[in-house]
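Here's the structure we're looking at; comments come further down.
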Amino acid sequence: MDVAYTSEVLARVRATNPLVQCLTNSVVTGFTANVLLALGASPAMTDVPRESGPFAEIASAVLINTGTPHAEQRNAMAEAAKAAHRAGTPWVLDPVAVGSLPVRTALARGLLDFRPTAVRGNPSEIIALAELGGGGRGTDAIDTPDDALPAGAALAASCGAVTAVSGRVDLVTDGTRVIRSASGTSLLTKITGGGCALGAVTAAFLAVAGADRSGGEPADGPGAVLNATAAATVVYTAAAEMAAESAGGPGTFAGLFLDALAAVDTADIERRAALS
Amino acid sequence: MDVAYTSEVLARVRATNPLVQCLTNSVVTGFTANVLLALGASPAMTDVPRESGPFAEIASAVLINTGTPHAEQRNAMAEAAKAAHRAGTPWVLDPVAVGSLPVRTALARGLLDFRPTAVRGNPSEIIALAELGGGGRGTDAIDTPDDALPAGAALAASCGAVTAVSGRVDLVTDGTRVIRSASGTSLLTKITGGGCALGAVTAAFLAVAGADRSGGEPADGPGAVLNATAAATVVYTAAAEMAAESAGGPGTFAGLFLDALAAVDTADIERRAALS
Amino acid sequence: MDVAYTSEVLARVRATNPLVQCLTNSVVTGFTANVLLALGASPAMTDVPRESGPFAEIASAVLINTGTPHAEQRNAMAEAAKAAHRAGTPWVLDPVAVGSLPVRTALARGLLDFRPTAVRGNPSEIIALAELGGGGRGTDAIDTPDDALPAGAALAASCGAVTAVSGRVDLVTDGTRVIRSASGTSLLTKITGGGCALGAVTAAFLAVAGADRSGGEPADGPGAVLNATAAATVVYTAAAEMAAESAGGPGTFAGLFLDALAAVDTADIERRAALS
C-alpha cells in the first residue's frame with residue numbers, strides 16, 4: 001500500500017461513482033450521505049425489509065452500522081448482509097457499541113455469519129466483536145488500536161474480514177500484514193459521524209478495489225481489500241487535516257471537511273500520508 | 001408565471017410562515033427543516049400514526065417523501081395524505097426511488113388515490129410514478145426532464161397533479177402548459193437533500209398560492225398550482241446560485257445556501273431567473 | 001446562581017465529559033450530538049428497548065424529547081425514564097408539541113410518573129405538560145415564558161421538576177425561585193434543534209451539578225438543579241450570541257454556534273450573561 005495506489009483508487013471512485021448502500025444509525029445519516037457525495041460516490045440509505053436485500057445485490061458496496069438498531073432496521077440489515085454475501089457485494093460492518101449493549105451485540109453476532117469484507121470500529125468495539133466471532137480477548141483497559149491487533153487476527157481467521165481500527169494512529173490489518181496511518185486531526189472526534197462516515201468511505205473504496213464479485217482473485221491482487229481499506233483511511237484523514245487548518249472549531253470544520261473531501265488530490269495525499 | 005409573481009409568493013411565505021408538515025426520509029429531515037426555517041416557513045415533522053392525520057388537517061401544506069419508508073411511517077403517510085385530501089390541504093409527493101424498489105412503489109400507488117397537488121422528482125421517478133397511475137411509458141434511457149413530459153401529462157390526467165421534474169433545466173407542467181427554469185448549480189446534486197428539500201419548499205409555496213381549500217377556484221387563478229410550483233423552483237435555484245458563488249465546496253455550500261434562502265430578494269430573483 | 005457558578009459547571013463538563021443519553025426526535029439527532037460534543041460532553045443516542053434502560057442506569061444524564069415519538073422509541077423512552085428514576089440518573093423531559101397531539105401527550109403523561117429532574121420547552125408546551133400533571137391552567141393566548149410560571153410551580157409541586165421555559169427572555173424556576181436570562185439571538189429560532197439541543201445541554205449540566213444519585217442533599221446545595229439548569233441556558237445563549245455576530249444567516253450560524261460552544265470561556269460568559 002502506498003500513496004500512488006491511494007490516489008488511483010480515489011480516482012476510480014470519482015470516475016465511477018459507486019453506489020454505496022448505507023444502513024446506518026439515525027444520528028449520522030445526513031453527514032454520511034454528504035461525505036459520500038463529496039467524495040464522488042452515490043449514497044443510498046435503503047434500509048427497509050424487502051428492499052434492502054434486492055438493493056444489496058445491485059449496490060456497489062454496503063455499509064452496516066449498528067448505532068441505533070431499531071427492530072425493522074435490524075431485519076433489513078440481516079437481509080442486506082445475506083444478499084451482499086451471496087451476490088459478492090463487498091460490505092463493511094461498523095459495530096457501534098457492540099459488546100456493552102445487548103440488542104446490537106446479538107445483531108452483530110448474526111451478521112458475522114455473512115462474512116463482512118471489512119470491519120471498522122474503535123479498539124474496544126473490535127475486541128468485543130472478535131469475541132463474538134470466537135476469538136480475541138476482552139479487556140477493561142482504555143484500548144489503543146494496537147491492543148486490537150489480536151482481535152483483528154481473530155476476525156480475519158473467523159470470517160475473513162480486514163479490520164480497521166480508529167485511534168490517534170489508525171491501524172488496518174488482515175491478520176498478517178499491518179498498515180498504520182498517523183495522519184488526521186482530533187477534530188474528527190468532536191463531530192458526530194467522524195468515525196461512522198469512514199465506514200461508508202471504506203465501502204466506496206472496496207467497491208472499486210478490483211475485487212472479483214465471483215469470488216476469484218481480485219484484479220488488484222490478494223491484498224486488494226487490505227490496501228483499499230487503508231487507502232480509504234488515508235484519504236479521509238488527509239482531507240480532515242486539510243480542513244482542520246482553517247477551521248475555527250468543530251462546526252466550521254464539518255463543512256470544510258466536506259469541501260476538502262471533494263478537493264483532495266494526489267499532491268495533498270503525498271504531503272499528508274503518514275504510513276508505516 | 002413571471003418574476004413578479006415569484007417575488008410576491010415568496011413575500012407571502014415570509015409574512016405568514018406557513019406550517020409545513022413533512023413526512024420525509026431519515027437522511028434529510030434536519031436539512032429540510034432548516035431550509036423551511038431559512039425560507040420563513042414553519043416545519044413540523046409529525047409522522048406517527050394517529051397524529052399525522054389530524055395534523056394534516058390543520059397544516060398549511062404537507063410533504064410526503066418516500067426515501068426511507070419504514071412501516072410505521074408508511075401508515076402515517078397514508079393517514080396524512082387521506083386527511084390532506086379530505087381537508088383540502090395542498091400536498092406534495094416526492095416519489096424517491098419509486099419504480100425500482102417494491103415497498104415504496106406500492107406505497108406510492110396507494111398515495112396517488114389521495115390526489116397530490118404536486119409531484120416532484122427526477123425524470124425516472126416521475127416516469128415510474130406515472131406508470132403506477134395508469135399512464136406514461138417506461139424508459140431505460142438516462143432520462144432528461146423533457147423525457148418526463150408525457151408522464152407529467154399522464155399524472156395531470158389521472159390525479160390532477162402538477163409535476164415538477166428536476167434536472168439541469170427544471171421543468172414544471174400541468175399537462176398543458178410547460179414552464180422551464182434554467183437557474184441553479186450542480187452543487188445542489190452534491191449535498192444530500194438538495195432535491196428533497198425543494199419538495200418541502202414547493203409545499204410552502206402551495207400553501208400561500210391562493211388555492212381555495214373548499215375546492216373552488218384559486219384566488220390566484222386556475223394556474224395557481226402550476227405557477228406556485230414553478231416559483232418555488234425559481235427561488236430555490238436562485239438562492240443556490242448565490243451560495244455557489246462563494247462556496248469552497250459542497251460543505252460550505254450547504255450553510256451558505258441556507259443563508260441565501262433567508263436573504264434572497266426580488267432583485268436577486270430578477271437577476272437569476274431563467275424562465276422559458 | 002451567578003456567572004462564577006456558570007463557569008465552574010461548564011469547566012466540570014469539559015473536564016469530565018459526562019455521558020448524555022439522548023432519546024430525541026429524528027430531525028435533530030445529528031445537531032444535538034454535535035452540540036454535546038462541542039461543549040465537551042459525550043453523546044449516546046441509545047434509544048431501542050432493552051438497551052435504553054440499562055444504558056440510563058450508567059449514563060451521566062438522560063434527555064427525552066417527544067418530537068417524533070415512534071412506537072419503538074416510546075417504549076424505549078418509558079424504559080429509560082423508569083431506569084433513570086430508579087438509578088438516580090438526572091433526566092430532562094422536552095415535551096415537544098405535547099398538548100396538541102395525542103400520541104406524545106399520552107406518552108408525556110406516563111413519563112411524568114418517573115419524575116423528570118428538569119423540564120424544558122416553550123411556554124405552551126410547559127403549560128400543557130403541567131395540566132397533565134394535574135396542575136396549571138390552559139391558555140389560548142400566544143404565551144410568554146412568564147405565562148408559564150404557574151405551570152412551572154405546578155410541575156415542581158407534582159413531580160419535583162425544575163422548569164426551563166424558552167423565549168426572548170428565558171426563565172427557569174423551581175416553583176419558588178425564578179431566574180431570568182436575557183442573552184441569546186433570534187437566529188436560534190431559525191435553525192432546527194435550537195431549542196431541542198438546549199435540553200441535551202441541560203442534561204449535561206445536571207450531570208455535573210453535584211446532585212447525589214442516592215437521593216441525598218446535592219453537593220452544590222439544595223438549589224443545585226435550579227442553578228445548573230439556569231447555567232446551561234446562560235452558556236448556550238452566550239455562545240449563540242457570539243456566533244450571531246459573525247454569521248451571514250442561519251446556515252453559517254449553525255456552524256459558528258458549534259465553534260462558539262467549544263470556545264466560550266469565563267470572560268465571554270461575564271460579558272454576555274444577562275441574569276435577573
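Order of the sequence lines sets the chain letters (A, B, ...), proteins ahead of strands, with each chain counted from 1.
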| field | Atom group of C:P43 that falls short of 4.5 Å from chain A, counting heavy atoms | value | neither
| field | Options C:T29, C:D259, C:L258, ranked by heavy-atom pairs under 4.5 Å with chain A, top entry | value | C:D259
| request: Might you point out which heavy atoms bring A:T32 and A:V28 nearest each other, and give the distance in Å? | output: OG1-O, 2.7 Å
| Based on non-hydrogen pairs under 4.5 Å, which of A:G67, A:S26, A:P69, A:G30 is most in contact with chain C? | A:P69
| query | Salt-bridged, C:R272 to C:E245, with N to O below 4.0 Å? | reply | yes
| task | Go through the atoms of C:A262 and report whether side chain, backbone, both or neither lie under 4.5 Å from a heavy atom of chain A. | result | side chain
| request: Could you tell me how the ring of A:F114 sits relative to the ring of A:H85: parallel (under 30°), tilted (30 to 60°) or perpendicular (over 60°)? | output: tilted
| request: Name the member of A:T68, A:I191, A:T252, A:T189 that forms the most heavy-atom pairs with chain C at distances under 4.5 Å. | output: A:T252
| said: At a 4.5 Å cut-off on heavy atoms, which part of A:A71 comes close to chain C: side chain, backbone, both, or neither? | reply: both
| request: Please report the shortest heavy-atom distance between A:V35 and A:A197, naming the atom on each side. | output: CG2-CB, 3.9 Å
| message | Tell me the closest heavy-atom pair linking A:Q73 and A:D47, and the distance in Å. | response | NE2-OD2, 3.0 Å
